[in-house]
Amino acid sequence: MAAEYRFSFGPWNIHEGADPFGPTVRPSIEFGKKLKRYKELGFDGVQFHDDDAVPDMENLSPEQIVKQAAEVKSMLDGEGLVAEFVAPRLWEDPRGIDGGFTANDSACRAWAVERFKRCCDIGNALGTPLRVLWLAREGTYIRESKNAITAYQYLFDAINDALEYDPKAEIAIEPKPNEPMDHAYVPTIGHALALAQKAVDPARVGGLIETAHALLAGLDPSDEMAFALSMGKLWSVHLNDQNGLKFDQDKTFGAANLRGAYNQVRVLELGGYPESGRFVGLDVKAMRSQKADVAHKHLSNSRTVFLRLVEKVRTFPKDVEQQCIADRDYEALEMAVLEHLMGG
Ligand code: XUL
Ligand code: MN
């Protein structure tokens, strides 16, 4: 029996539809109601930012934070859900305006490291060792505003501080080359895994690869995943899609490039991802024009596309593939893939 995939998403993937050019268009759904949706939509894992779990954390003591996170854990247990990861949301606080870990202001850097430690506490209270670092504002709008060499050193130090503080923590870096910054530090999985090698405990630093982020870097997401898998470092994915080089769209998985989606599923299959027990995260966003009562379809549709593509990968005629490769007839292989995807 082939291993089953497990799916996850974050509460931010059911949202009110605000964008940089207009306000919300759908009512807010409270966290408890969102949790009820997970199983209905076919999901078992919940991804968290630290303040998704403990919204008022900046005004609470470390003990109060852990207590509130423990209450969220009970809610998860009640719904038969598990927490997949917790990510420190540094980018909404005024002290994170210039990036937290790489801020020029030492007080802001100290705040960011403390916040990461609280994020670790929340992760432990929720029962997950996985921390995700999306390095939102860790970068620059103009290059002269930071010393990038020093900034990378600050980043190494922050990661090492968290690893030392929390012996259970496993940190998956989610690379993204730009947005909100003009240039973000750690733009690709290659950068992330090089950084991992420099950590005090390299075995506890890996990666999360998001389709749209790899595409924004001009790279093939399936090859980025292959690189991480080859190093045993693909600890989560954020599958979605992206229609060319524009703002981070977080479209339904496969919606812009079905062949590209097929290749991502193929590489997860080749890499034994389901056997690893890791989650398939879907970081997808409902279109702003979607009505409130159907603003969850991007999630169930992405999961359906994924599972349909698993079937496509598993049923692709391997003998044809082998023959085409032996003949070096890549036109024939390409056509066989296209026929298979078109249902032929
Ligand atoms: C940003 C992004 C985030 C992270 C979680 O582009 O993808 O949602 O996945 O912080
Ligand atoms: Mn993401």
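Both counts, for ligands and for their atoms, begin at 1 and track the order of listing.
The aromatic ring centroids of F9 and Y38 lie less than 6.0 Å from each other.
Under the 3.5 Å distance criterion, with hydrogens and angles disregarded, no donor-acceptor pair is assigned to the side chains of Y152 and E138. For the residue pair Q264 / T211, a side-chain donor-acceptor distance below 3.5 Å is found, with atom types taken as modelled.
Counting atoms of ligand 1 from 1 in the listed order, those under 4.0 Å from a heavy atom of D283 are 2 (C), 3 (C), 7 (O), 8 (O), 9 (O). Close approach to E210 involves these atoms of ligand 1, each under 4.0 Å from a residue heavy atom: 7 (O). For ligand 1, the atoms closer than 4.0 angstrom to any heavy atom of W12 are 8 (O). Atoms of ligand 1 lying under 4.0 Å from any heavy atom of H238, numbered from 1 in the order shown and given with element: 9 (O). Set against the non-hydrogen atoms of D248, the atoms of ligand 1 under 4.0 Å away are 6 (O).
Between Y5 and F7, the two ring planes are tilted [angle within 30° to 60°].
Here the angle centred on the Mn ion (ligand 2), running from OE1 of E210 over to ND1 of H238, is 100°, rounded to 10°. With the Mn ion (ligand 2) as the vertex, OD2 of D283 and OE2 of E174 span 170° to the nearest 10°.
In summary, R95 and D93 engage in a salt bridge, as defined by a charged side-chain N under 4.0 Å from a carboxylate O. Remark: R278 engages E170 in a salt bridge, criterion side-chain N to carboxylate O under 4.0 Å.
Proximity of W91 to ligand 1 is established by a heavy-atom distance of less than 4.0 Å. Contact between H213 and ligand 1 is present, with at least one heavy atom of the residue lying under 4.0 Å from the ligand.
Counted within 6.0 Å of NZ on K39, heavy atoms from surrounding residues, nucleotides or ligands total more than 12; the atom is thus considered enclosed.
Of the candidates E174, H49, Q47, H49 brings a heavy atom nearest to atom 10 (O) of ligand 1.
Atom CZ in R37 sits 12.5 Å away from atom CG in L35 (nearest 0.5 Å).
Of all the heavy atoms of R89, none lies under 4.0 Å from any atom of ligand 1, so neither backbone nor side chain is involved.
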